[in-house]
Each structure stands twice: as C-alpha cells, then as structure tokens.
Amino acid sequence: MAYAPDAPRYRTTATGPVQYLTVVDAEGEVLGYPWANDADDAAGWLLRPAGDAAGDRAGLGWASWLEGAKARGLAPTAALAAAADAPCRETSGGSCPAPRPRPRPWTR
C-alpha cells in the first residue's frame, strides 16, 4: 500500500489502556507489539525495547494493515482481532501474532 497523506488513520497515541498482540518472526523472536484503544480511536506499533531493522520492517507492515483496517471502517480493537485471525502474509509480510486467542489488555 502506497503512502497517502489524506488516507484515514487511527490516532497514534492513547490516553487509556490498550489491547495488544505480541508479534514474532519465523524463529519465534519477538519483533514488537501492535496495539489498539477504541476510546481514543488509536492504534499503532510498539517496537520491542531491543528492536532492530526486522522489527522496523514489521512495523511498516502493521502500519499498512492498520491503515487498511481504518479505511474499511473497523474499530481499532476489531482491527487487532482481525489481524490475530489473519494469515501472517496478510498482516505484515510474514511476521505473525504469537499464538493467543485474542488481544490482551495492557496498561502502563
């Protein structure tokens, strides 16, 4: 998906708790965490603290996935749930949500 400055997007910050997935590569290495919060209409990608170029690339894939979900009218947490159920190749170029039934809540 090409960058479109006027495309609908979720906000990139949330003021309350978020739900998230843990995303891993083919070897099971954690790359990062896509997150969502419906109250703020927000969603994004959090690179793991020891993140690297692979995590950055995965984040770009997830940003594209989230942009498409927003364009389809999905609420942020619905987009996250859909990503958890989607084949890896559809979400972010091969990085996959770690096996888990649904997104988990996360509060800082």
Side-chain angles (χ1 to χ4, degrees):
M1 180 179 291
Y3 177 74
D6 56 345
R9 288 186 178 77
Y10 299 114
R11 292 183 57 211
T12 57
T13 58
T15 58
V18 299
Q19 293 183 21
Y20 72 99
L21 298 171
T22 301
V23 173
V24 299
D25 64 14
E27 289 77 39
E29 189 72 28
V30 174
L31 297 172
Y33 310 91
W35 59 268
N37 171 295
D38 287 344
D40 293 316
D41 193 38
W45 171 261
L46 178 64
L47 183 64
R48 74 182 179 108
D52 56 13
D56 286 335
R57 284 189 301 275
L60 291 173
W62 282 89
S64 179
W65 168 268
L66 291 170
E67 187 176 306
K70 177 70 171 177
R72 292 189 307 274
L74 293 178
T77 57
L80 205 59
D85 293 337
C88 297
R89 67 183 178 280
E90 290 182 15
T91 53
S92 59
S95 61
C96 306
R100 176 175 32 251
R102 286 282 156 222
R104 301 189 304 196
W106 175 29
T107 347
R108 288 189 189 190

Colleague: Evaluate L31 against R57 for side-chain contact (heavy atoms from CB on, under 4.5 Å), listing each step before the verdict.
Modeller: CA-CA 9 Å; L31 297 172; R57 284 189 301 275; over 6 Å; no
Colleague: Considering only heavy atoms from C-beta outward, does the side chain of D40 approach that of T13 to under 4.5 Å?
Modeller: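 When only atoms from C-beta onward are counted, T13 and D40 do not touch, as no gap falls below 4.5 Å.
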Colleague: Would you compute the distance between atom CG of D38 and atom CD of Q19 and round it to the nearest 0.5 angstrom?
Modeller: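 Nearest 0.5 Å value for the CG-CD distance: 7.0 Å.
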Colleague: Over all heavy atoms of both residues, which pair between D41 and K70 is shortest? Give the atoms and the distance, please.
Modeller: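 Scanning both residues completely, I find the closest heavy atoms to be OD2-NZ, 2.6 Å.
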Colleague: Hey, does W62 have a side-chain heavy atom less than 4.5 Å from the side chain of V23?
Modeller: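 With C-beta onward as the side chain, the pair touches.
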Colleague: What heavy-atom pair brings P76 and N37 nearest, and what distance separates the two atoms?
Modeller: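 Scanning both residues completely, I find the closest heavy atoms to be CG-O, 3.7 Å.
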Colleague: Any side-chain heavy atom of L74 sitting closer than 4.5 Å to one from Y10?
Modeller: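 Heavy-atom side-chain distance check passes, below 4.5 Å.
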Colleague: Any non-hydrogen side-chain atom of P34 less than 4.5 Å from a side-chain atom of L80?
Modeller: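 Side chain of P34 against side chain of L80, heavy atoms only: contact under 4.5 Å found.
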Colleague: Would you say the side-chain atoms of D52 pair up with the backbone N or O of G55, donor to acceptor, closer than 3.5 Å?
Modeller: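 Indeed, once roles are kept as given, a pair shorter than 3.5 Å links the two residues.
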Colleague: Between W35 and R11, what is the shortest heavy-atom contact and its length?
Modeller: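 Closest pair (atom of W35, atom of R11, distance): CH2-O, 4.4 Å.
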Colleague: Looking only at non-hydrogen atoms, find the nearest pair between A83 and W65 and report the distance.
Modeller: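 Taking A83 first and W65 second, the nearest heavy atoms are CB-NE1, 3.3 Å.
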